[in-house]
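For reference, positions follow the sequence shown, starting with 1. Predicted, not measured: the structure shown is a model, and the values here were computed from it.
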Amino acid sequence: MSGDDLVTAVCLVLVAVSATVAVAVREPARQALALAVLGLVLAALFTVLQAPDVALSQLAVGSVLTPLLILLSVRKVRRRGRADGEEAGR
């Protein structure tokens with residue numbers, strides 16, 4: 001097994017572990033963090049597999065944009081839920 005094969009195998013194991021964690025976590029904020037970590041690990045895997053353009057896209061979308069949108073959506077839903085609860089209490 002060469003060094004490249006070992007690095008690829010380690011990246012694949014990290015992808016499997018981080019994807020499992022992202023699915024298993026129940027709290028949305030922690031899911032977003034796990035999704036960001038998964039995006040970073042996937043970007044590393046794409047880099048190892050000599051696909052730097054895909055790795056850069058993964059960094060931008062999978063590691064930054066998607067978790068940010070999830071966190072903003074959760075925040076808005078929680079705010080709206082509080083506002084609806086306050087109006088119902090009046």
Side-chain angles (χ1 to χ4, degrees):
M1 185 178 229
S2 70
D4 290 341
D5 292 339
L6 182 62
V7 172
T8 303
V10 168
C11 284
L12 286 171
V13 168
L14 289 174
V15 167
V17 169
S18 57
T20 303
V21 169
V23 171
V25 173
R26 293 286 181 209
E27 184 181 340
R30 290 186 185 191
Q31 279 180 335
L33 179 64
L35 193 60
V37 170
L38 174 60
L40 288 172
V41 174
L42 280 171
L45 176 65
F46 293 142
T47 302
V48 168
L49 295 176
Q50 298 179 356
D53 52 340
V54 179
L56 287 173
S57 298
Q58 179 62 34
L59 278 175
V61 176
S63 298
V64 177
L65 190 60
T66 302
L68 181 63
L69 288 174
I70 290 171
L71 288 175
L72 291 174
S73 299
V74 168
R75 182 178 175 197
K76 186 166 186 148
V77 166
R78 286 182 179 167
R79 278 187 177 177
R80 187 172 287 169
R82 285 187 205 140
D84 290 344
E86 289 174 2
E87 289 177 9
R90 290 183 184 179

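Evaluation of the side chain to side chain contact (heavy atoms under 4.5 Å, CB included) rule for Glu27 yields Ala29, Arg30 as partners, not counting sequence neighbours. When the side chain to side chain contact (heavy atoms under 4.5 Å, CB included) test is applied to Ala34, the partners found at least two apart in sequence or on another chain are Val21, Ala22.
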Could you pull out every donor-acceptor pair under 3.5 Å between side chains of residues 46-53 and any protein atom, sequence neighbours left out?
from: Thr47; atom 1: OG1; to: Ala43; atom 2: O; distance (Å): 2.8

Name each donor-acceptor pair under 3.5 Å that joins a side chain in residues 64-81 to protein atoms two or more places apart or in another chain, with its distance.
from: Thr66; atom 1: OG1; to: Val61; atom 2: O; distance (Å): 3.0
from: Ser73; atom 1: OG; to: Leu69; atom 2: O; distance (Å): 2.8

Side-chain donor-acceptor contacts of residues 7-18 below 3.5 Å, not counting sequence neighbours, with atom names and distances?
from: Thr8; atom 1: OG1; to: Asp4; atom 2: O; distance (Å): 2.8
from: Ser18; atom 1: OG; to: Leu14; atom 2: O; distance (Å): 2.8
from: Ser18; atom 1: OG; to: Val15; atom 2: O; distance (Å): 3.2

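Hydrophobic cluster of Leu33: no remaining members, since no ILVMFWY side chain lies below 4.5 Å from it.
Using a 4.5 Å cut-off between side-chain heavy atoms of Ile, Leu, Val, Met, Phe, Trp and Tyr, with links allowed through other members, Leu40 and Leu42 fall into different hydrophobic clusters.
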